Amino acid sequence: MTPEELAASVLAAVRDAVAAGDLGLDVSAVPTEVTVERPRNRNHGDYATNVALRLAKSAGRPPRQVAEALAVRLRDLPGVAAVDVAGPGFLNVTLDAAAQGELARAIVTAGETYGRSDTLAGQRVNLEFISANPTGPLHLGHSRWAAVGDAMARVIEAAGAEVTREFYVNDRGVQMDRFGESLMAAAHGRPTPTDGYHGEYVGELAAAIAAEHPEYLTLPDDEQMVAFREAGYLLQLAEQRAVLDRFRTHFDVWYSERSLHDSDAVERGMQRLREQGHVYEADHAVWLRTTDFGDDKDRVLVKADGEYTYFASDTAYYVDKRTRGYDVNIYLLGADHHGYVNRLRALAACAGDDPDRNIEVLIGQLVKILRGGEEVRLSKRAGSIVTLEDFAEEAGIDAARYTLCRYPTDSPLTLDIAVMTARTQDNPVYYVQYAHARIASLLRNAADLGLLPDVTAFAPALLSHEREGALLGALGEFPRVVATAAELREPHRVARYLEDLAGTYHRFYDVCRVLPQGDEEAGPLHSARLLLCAATRQVLANGLALLGVDAPDRM
RNA sequence: GCCCCCGUAGCUCAGGGGAUAGAGCAACGGUUUCCUAAACCGUGUGUCGGAGGUUCGAAUCCUCUCGGGGGCACCA
């Protein structure tokens with residue numbers, strides 16, 4: 001029996017009790033769902049629900065009395081061994097071993113689909129992340145979004161939504177020109193202009209472009225800057241894609257800011273806002289009255305000189321996403337962009353949308369990096385940067401992705417490069433991967449003995465050991481963990497769950513011998529445990545896949 | 001000045017109203033004739049920054065406050 005099935009049964013018991021008049025409640029007071037959780041303390045049964053405590057007030061009865069009325073009904077359920085009323089009014093449910101053990105069969109049968117749900121079914125989600133300027137290499141800050149954003153996309157998909165991963169290419173504006181000027185200066189051996197880009201990559205890029213196109217060097221300055229800018233842009237963009245590709249983060253859409261302007265998307269976006277009545281002119285500029293929706297000041301769309309602002313691009317881009325049919329538009333931004341939250345939400349409202357439903361701006365705190373106890377500053381312009389490429393190579397892709405994914409993004413992350421690289425054996429990713437490899441090895445050994453996990457010849461009631469119960473309980477949590485991670489946009493929950501599951505497995509393994517020893521004949525318990533191991537391997541693999549981390553068969 | 005994030009064990013951090021607040025690391029000690037010891041077991045630590053409030057119940061929600069970090073543009 002899965003926790004979901006039990007929750008449904010508890011809900012049915014509530015309905016039944018209400019219908020029978022046992023709770024003094026009207027049918028309308030029946031909750032739409034009840035929570036069934038695994039108590040930390042095993043003395044509190046396999047599952048516990050607080051539904052009686054929640055209903056007590058409106059029922060006007062002591063919680064324990066409500067609980068008793070429900071307990072009577074739950075005790076009759078097939079698979080339920082015991083129901084106790086405990087503490088202030090908790091219902092503690094103990095399953096019989098067979099009902100619990102059935103889960104192993106269900107998981108092995110479901111295979112790669114175990115953990116998926118329809119929690120977010122029907123939603124079309126656009127998930128935008130990284131969106132770095134194509135003016136330099138991706139750095140460690142981008143790495144966090146590369147890992148988290150990709151995992152988030154996988155998790156949301158697992159919950160049944162349709163997800164488009166999108167990278168917005170900021171290929172227009174002043175920064176691009178500064179980039180072009182910096183390349184041109186470097187190609188001539190001149191010092192980097194004020195506000196230009198530093199760093200070795202600028203010189204390397206300039207040299208590569210000059211070698212490929214020596215004729216650029218004799219162009220008039222204006223044309224030359226453009227030539228260098230465009231060549232540098234294409235090279236940088238290609239490099240970013242290649243680096244992300246190796247990091248296993250793939251985008252469905254690379255959306256160019258220029259293309260917004262080349263099409264009539266910007267004008268269409270403006271039109272949409274005008275129709276909604278939030279656009280006005282003042283001081284020769286065109287403004288959007290974002291203060292109508294909680295922004296602390298209005299924003300300029302068209303500057304007095306007639307140029308569109310970056311915010312105008314944002315507006316057009318948002319409207320374009322909506323036009324492409326995305327109900328939920330998620331922006332994963334760094335903390336340095338947190339000032340954008342209100343204006344983006346206001347923008348959605350100005351476009352006539354619901355900012356609580358159509359747009360979600362998630363702010364991720366920045367990553368600090370320590371090297372030798374000193375903070376390494378990250379800046380494309382400063383030149384002293386840890387690139388995504390270097391980081392992934394130094395730490396390994398699995399360790400890099402996993403480490404970046406296992407923390408909530410609203411907490412600042414401090415990574416010591418030395419810890420990531422020199423002490424990799426302490427990294428939780430290896431703990432989880434090791435559990436997978438251990439089971440894979442066990443399954444190989446079993447196959448050598450002619451034993452294969454078999455869902456047809458499976459005796460679930462034999463899985464009655466305490467550690468088997470703990471393991472089954474942990475396995476049953478997986479679908480809810482994934483669904484919650486998807487709803488809250490918190491993929492780190494999957495990582496934390498896997499660490500817990502790996503530990504639970506290791507403790508099971510330590511006590512419960514799976515394969516026959518010596519000349520011992522293989523019996524039903526061996527088979528049952530083997531299937532339990534196969535189920536665990538499946539969940540570990542499914543979970544690691546959600547994080548984009550390998551599940552190795554050997555370590 | 002206004003806004004956002006954080007404050008939990010010696011360190012790094014989990015804990016989206018539930019029962020006695022957890023894990024890893026670090027320290028000390030133990031476990032292997034047989035399935036991967038990258039594992040497991042044991043020993044100790046907490047004014048959950050502080051003060052109020054909400055309620056059957058608060059680390060969790062609300063208000064205030066202290067401390068740390070980040071952000072404010074007709075820049076991108």
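Since the model is a prediction, treat every value here as computed from it, not as a measurement. First the proteins, then the strands, lettered A, B, ... as listed; each starts at 1.
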**Q** Can you list the residues that meet the ring pair (Phe, Tyr, Trp, His ring centres under 6.0 Å) rule with A:Phe167, with sequence neighbours excluded?
**A**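 Residues passing ring pair (Phe, Tyr, Trp, His ring centres under 6.0 Å) with A:Phe167: A:Phe251, A:Trp254.
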
**Q** Measure from the ring centre of A:Tyr310 to the centre of the six-membered ring in the base of B:rC75, then say whether that distance is under 5.5 Å and the planes meet at under 30°.
**A**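 So A:Tyr310 does not count as stacking on the base.
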
**Q** Within the pair A:Arg178 and B:rC75, is there a side-chain N or O less than 4.0 Å away from OP1 or OP2?
**A**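 Answer no for this pair, as no side-chain N or O of A:Arg178 is under 4.0 Å from OP1 or OP2.
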
**Q** What N/O pairs connect the protein and nucleotides 19-24 of chain B at under 3.5 Å? Give each pair on its own line.
**A**
| unit_1 | atom_1 | unit_2 | atom_2 | d |
| --- | --- | --- | --- | --- |
| B:rA19 | N6 | A:Asn92 | OD1 | 2.8 |
| B:rA19 | N1 | A:Asn92 | OD1 | 3.4 |
| B:rA19 | N1 | A:Asn92 | ND2 | 3.3 |

**Q** If the condition is ring pair (Phe, Tyr, Trp, His ring centres under 6.0 Å), which residues does A:His278 pass it with, not counting sequence neighbours?
**A**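 Testing A:His278 for ring pair (Phe, Tyr, Trp, His ring centres under 6.0 Å), a comparison that skips the adjacent residues, returns A:Phe293.
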
**Q** What are the residues of residues 278-288 of chain A, sorted by number, that bring a heavy atom to within less than 4.0 Å of RNA chain B?
**A**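 The answer is A:Asp283, A:Ala285, A:Trp287.
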
**Q** Using the C1' atom on both, measure B:rC13 against B:rC75 and round to a whole Å.
**A**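 Rounded to whole Å, the distance is 37 Å.
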
**Q** Cut-off 3.5 Å, no hydrogens considered: what does the side-chain donor-acceptor table look like for residues 438-449 of chain A, sequence neighbours left out?
**A**
| unit_1 | atom_1 | unit_2 | atom_2 | d |
| --- | --- | --- | --- | --- |
| A:Arg438 | NH1 | A:His506 | ND1 | 3.0 |
| A:Arg444 | NH1 | A:Asp553 | O | 3.1 |
| A:Arg444 | NH2 | A:Asp553 | O | 3.4 |

**Q** With A:Tyr168, which residues qualify under ring pair (Phe, Tyr, Trp, His ring centres under 6.0 Å), at least two apart?
**A**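 Here the qualifying residues are A:Tyr317.
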
**Q** Between the protein and nucleotides 2-8 of chain B, list the N/O to N/O atom pairs that are separated by less than 3.5 angstrom.
**A**
| unit_1 | atom_1 | unit_2 | atom_2 | d |
| --- | --- | --- | --- | --- |
| B:rC3 | O2 | A:His338 | NE2 | 2.9 |
| B:rC4 | O4' | A:His338 | NE2 | 3.4 |
| B:rC5 | O2' | A:Asp410 | O | 2.6 |

**Q** Could you write out each protein N or O paired with an N or O of nucleotides 28-32 of chain B at a distance under 3.5 Å?
**A**
none

**Q** Who passes ring pair (Phe, Tyr, Trp, His ring centres under 6.0 Å) against A:Phe90, sequence neighbours left out?
**A**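 So A:Phe90 forms no ring pair (Phe, Tyr, Trp, His ring centres under 6.0 Å) with any residue.
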
**Q** Do any of residues 520-538 of chain A sit with a heavy atom less than 4.0 Å from RNA chain B, and if so which?
**A**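 The answer is none.
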
**Q** Among residues two or more places apart or on two chains, list those pairs meeting salt bridge (charged side-chain N to carboxylate O under 4.0 Å, His left out) that have a residue in residues 43-58 of chain A.
**A**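 Only A:Arg42-A:Asp46 qualify under salt bridge (charged side-chain N to carboxylate O under 4.0 Å, His left out).
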
**Q** Test: salt bridge (charged side-chain N to carboxylate O under 4.0 Å, His left out). Region: residues 292-304 of chain A. Which pairs qualify, not counting sequence neighbours?
**A**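 As it turns out, the salt bridge (charged side-chain N to carboxylate O under 4.0 Å, His left out) pairs with a partner in residues 292-304 of chain A, which skip direct neighbours, are A:Arg289-A:Asp292, A:Asp295-A:Arg299, A:Asp296-A:Arg299.
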
